Amino acid sequence: MKAFSNFRLLPRIASRRQFLLSGLAMMLAGSRLSQAQAAQSMLRTPSSPKAAGERKIVMLDPGHGGIDPGAVGHQGAKEKHVVLEIAHSVRDCLRETPNIEVRMTREDDYFIPLYRRVEIAHEHRADLFVSIHADGYTNAAASGASVFALSNRGASSAMARYMSQRENDADRIAGAQYAEKDNDYLQQVLFDLVQTDTIKNGLMLGNHVLDHIRSVHRLHSGETEQAAFAVLKSPSVPSVLVETSFITNHQEEKLLSTPAFRQEIARAIAGGIVKYIDYFNANERRRPG
């Protein structure tokens, strides 16, 4: 019992979900992580669901950065720059909405390992996590926007599998030590019981974002796809990855290079986030006390 000697009982277990999250922290204490790390993990996890109308924290994650350029278009456009611009526009749109606070995993052009992006969301007690990308594909004809949620049962399509493998390999550019740390961290936090509701909410968030994007840009897939993206593997924060377009498509590279299109796609992403939060608030109000 020594492993749990420094844990204090929570004053009230607000839900089955919180109970599982508290148990997760204790499991981490007995794992390869130290007691201090396990305690930090529990503190990073929201202690109770936020009430309807309470300010929600949205974590925006511009993909890649620094030594990792992401996908590169035929005319030289780099994914890391394009998605940072889009993320800034999403942040500006969301700041116009009351009761939403926006944070970003990176504000400029620097590298962040995948596991660290997940940790940042926990440290800020984020309610939602949205990773923004403009990926590439081997076939330059591939086009359109897609939204992905986490899957722990395999990819929903060959494209989803390809995208997740490509994104999960991003850390290899910075060195093997980052990829090893990602794998170690994610093995510790990926517990099916906790993630069931998180994935379900991620799918719901993804559907709202897709509904808004389809009015401004063609979709590569009309439904939220699923795959084992490392950056989506938070056990407690509903997370999606938005592929705004294929930067390796000639026409879409040109679109992504225009401020007008970046602003338009940003408004669509922000609109989907707001719609999801409105849906959450409405359902919380209807839930019996």
Side-chain angles (χ1 to χ4, degrees), residues 3-4 7 9-10 12-50 56-61 103 105 112-131 147-156 160 164 167-168 171 178-206 224-242 273 276-277 280 284:
F4 307 119
F7 283 94
L9 291 175
L10 295 173
R12 180 174 67 89
I13 300 298
S15 64
R16 169 180 171 275
R17 178 180 179 77
Q18 185 184 342
F19 174 77
L20 290 169
L21 290 169
S22 301
L24 171 60
M26 292 182 180
M27 291 170 71
L28 290 173
S31 73
R32 285 174 290 173
L33 298 179
S34 68
Q35 276 183 265
Q37 287 173 308
Q40 279 185 330
S41 177
M42 184 167 70
L43 290 172
R44 288 173 188 160
T45 302
S47 60
S48 61
K50 291 183 180 177
K56 303 296 189 295
I57 297 175
V58 176
M59 180 64 65
L60 300 178
D61 173 48
R103 310 282 174 81
T105 55
I112 304 175
L114 299 176
Y115 83 93
R116 180 62 188 144
R117 295 170 190 260
V118 180
E119 282 193 335
I120 290 170
H122 285 205
E123 289 168 1
H124 287 269
R125 304 177 67 82
D127 296 284
L128 300 175
F129 179 93
V130 179
S131 193
V147 179
F148 298 88
L150 180 65
S151 170
N152 50 21
R153 294 189 179 90
S156 57
S164 64
E167 294 297 348
N168 292 350
D171 283 355
Y178 289 110
E180 288 172 6
K181 193 161 185 179
D182 280 336
N183 289 335
D184 180 66
Y185 174 77
L186 296 170
Q187 284 169 6
Q188 297 301 324
V189 301
L190 187 55
F191 291 90
D192 287 350
L193 281 175
V194 177
Q195 282 197 318
T196 300
D197 288 342
T198 305
I199 292 174
K200 177 180 160 186
N201 288 332
L203 284 166
M204 190 182 304
L205 169 60
T224 302
E225 297 248 31
Q226 289 183 266
F229 287 90
V231 78
L232 301 182
K233 289 184 178 179
S234 166
S236 58
V237 183
S239 305
V240 295
L241 186 147
V242 181
I273 292 170
Y276 171 83
I277 291 173
F280 171 85
E284 282 298 299

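Note that the structure is predicted; figures quoted are calculated from it, not measured.
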Inset, instruction - Tell me, please, which residues at least two apart from F229 pass ring-ring contact (aromatic ring centres under 6.0 Å, His included). - result: F148
Inset, instruction - Give a yes or no on whether the backbone of V118 and the side-chain of S234 come within a donor-acceptor separation of less than 3.5 Å. - result: no
Inset, instruction - Keeping the roles fixed (side chain from R103, backbone from A126), state whether a donor-acceptor pair exists under 3.5 Å. - result: no
Inset, instruction - Starting at CZ of F129, measure out to CZ of R117 and round the result to the nearest 0.5 Å. - result: 7.5 Å
Legend entry - Inter-residue atom distance I277.CD1 - L205.CG, 0.5 Å rounding: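 It is 8.5 Å, given to the nearest 0.5 Å.
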Legend entry - Test item: K233 and L114 side chains (from C-beta on) under 4.5 Å apart, heavy atoms: no
Legend entry - Residue pair I120 / M59, side-chain heavy-atom distance below 4.5 Å: yes
On a heavy-atom basis, which atom in [X] and which in [Y] lie closest, and how many Å separate them?
{"X": "V240", "Y": "G202", "answer": "CG1-O, 3.2 Å"}
{"X": "S239", "Y": "L232", "answer": "CB-CD2, 3.7 Å"}
{"X": "I199", "Y": "L150", "answer": "CG2-O, 3.4 Å"}

Legend entry - Test side chain to side chain donor-acceptor pair (under 3.5 Å) applied to T105 - qualifying residues, sequence neighbours left out: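 T105 satisfies side chain to side chain donor-acceptor pair (under 3.5 Å) with D61 once adjacent residues are dropped.
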